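Worksheet for the structure shown next.
Note that the coordinates shown come from a computational prediction; the quantities given were computed from them, not determined experimentally. Sequence lines set the chain letters: A, B, ... in the order given, protein chains first and strands last, and positions in each chain run from 1.
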There are 2 protein chains.
Amino acid sequence: MRDKQHLFKEFGIRATKQRLLVLDLLMEEQMPISVEQIFLKVKAQDESINLSTVYRILSTFTEKGIALKSLLGESSVAYYELNRMVHKHHLICLSCHKIMNINHCPLENYEKELQRTTAFEVVSHKLEIYGYCPECKSKH
Amino acid sequence: MRDKQHLFKEFGIRATKQRLLVLDLLMEEQMPISVEQIFLKVKAQDESINLSTVYRILSTFTEKGIALKSLLGESSVAYYELNRMVHKHHLICLSCHKIMNINHCPLENYEKELQRTTAFEVVSHKLEIYGYCPECKSKH
DNA sequence: GTTAGTGCAAAATCTTTGCATATTT
DNA sequence: AAATATGCAAAGATTTTGCACTAAC
């Protein structure tokens, strides 16, 4: 508990019960999770928490670099995950919408090449791979 | 004009004035464009067109594979572009939000490898690269 | 003439904001 | 005590839908 308090202090934000709940949840989750899901899971721990608080917390976390925001698939709802400072990507199943991690990033060398050939200064990239997970594949 | 009529017929949808306007616009545009921008540009040609019609047309085009939908950056508004059947990606400038095309895709071999190592059947991927374009880079 | 598509208005969904109250420092 | 964060309710923004009317086939 002490270390989380400290983490918040480092980022210059107050250690509230609600922020601790959201942080704990993100630490448990291994995958990006939607705001709705975050809200429901946190609400199970603290009935009184409000959706707008969750939005504000996630937006603060994203600004501070504690969390990462992304938009997966065509769904237009925001997903968040803890910023583990490890560069990774996801495999997303088009059938069951399961998300799997890929730890290796195939783009490191490519970005350097791109930088040379286009004079564009590459800062980051977003890569998601879509397909069918082993279980769904066998159902087809 | 004849060929566009024919295109719509092939897809089993009617060749309406509104669809022709949206298709023409997407053919002119070299980059993904937001629904709002599409609506305004089309409205300049036909004052009476309605935003919901544009949404419906874009959604039909996407279902039929005539257009591609994507969400760029963190912005949560949908962008559309003509499906030119050429696999490509975009460079997006974090400063001026300009979008540039990359024609080469660095992931073809990687996808095959991934398929072997994860048993996930890869269908497609989404890759966008963020950074600073040459003009903005020199301003910093 | 029938079917599909459009315009309009209203609803639905997701996200943000103003303000009084409560909590943290 | 002062500053910050929360809850609630209301508003914003984006997208979708029901329905009567219109255009395409």
**Asked** Can you check whether B:Ile57's main-chain N or O pairs, donor with acceptor, with B:Arg19's side chain at less than 3.5 Å?
**Response** no
**Separation of D:dT4 P from A:Gln18 CD (nearest whole Å)** = 17 Å
**Request:** Taking atom types as modelled, find out whether A:Ser34 and A:Gln37 have a side-chain donor-acceptor pair closer than 3.5 angstrom.
**Result:** yes
**Request:** Please confirm whether the backbone N or O of B:Asn103 pairs with a side-chain atom of B:Asn101, one donor and one acceptor, at under 3.5 Å?
**Result:** no
**Item:** No-hydrogen, no-angle side-chain donor-acceptor test under 3.5 Å, A:His89 and A:His125
**Value:** yes
**Item:** Leading and trailing nucleotides of DNA chain C with any atom under 4.0 Å from heavy atoms of chain A
**Value:** C:dC14 to C:dT25
**Message:** Does atom NZ (B:Lys9) have a neighbourhood of more than 12 heavy atoms from anything else shown, all under 6.0 Å?
**Reply:** no
**Message:** Can a donor-acceptor pair be found, under 3.5 Å and without considering hydrogens, that links the side chain of A:Gln30 to the backbone of A:Glu28?
**Reply:** yes
**Asked** Side chains of B:Glu128 and B:Tyr130: is there a donor and an acceptor less than 3.5 Å apart?
**Response** yes
**Request:** Can you see which heavy atom on A:Phe39 is nearest to which on A:Asn50, and at what distance?
**Result:** CE1-C, 3.6 Å
**Asked** What is the per-nucleotide protein-contact pattern of nucleotides 15-25 of chain D, from the 5' end, where B denotes a base atom under 4.0 Å from a protein heavy atom, S denotes such proximity for sugar-phosphate atoms only, and - denotes neither?
**Response** BBBB----BBS
**Complete:** note: A:Phe61, atom CZ; D:dA5, atom C1'; distance rounded to Å ~ 12 Å
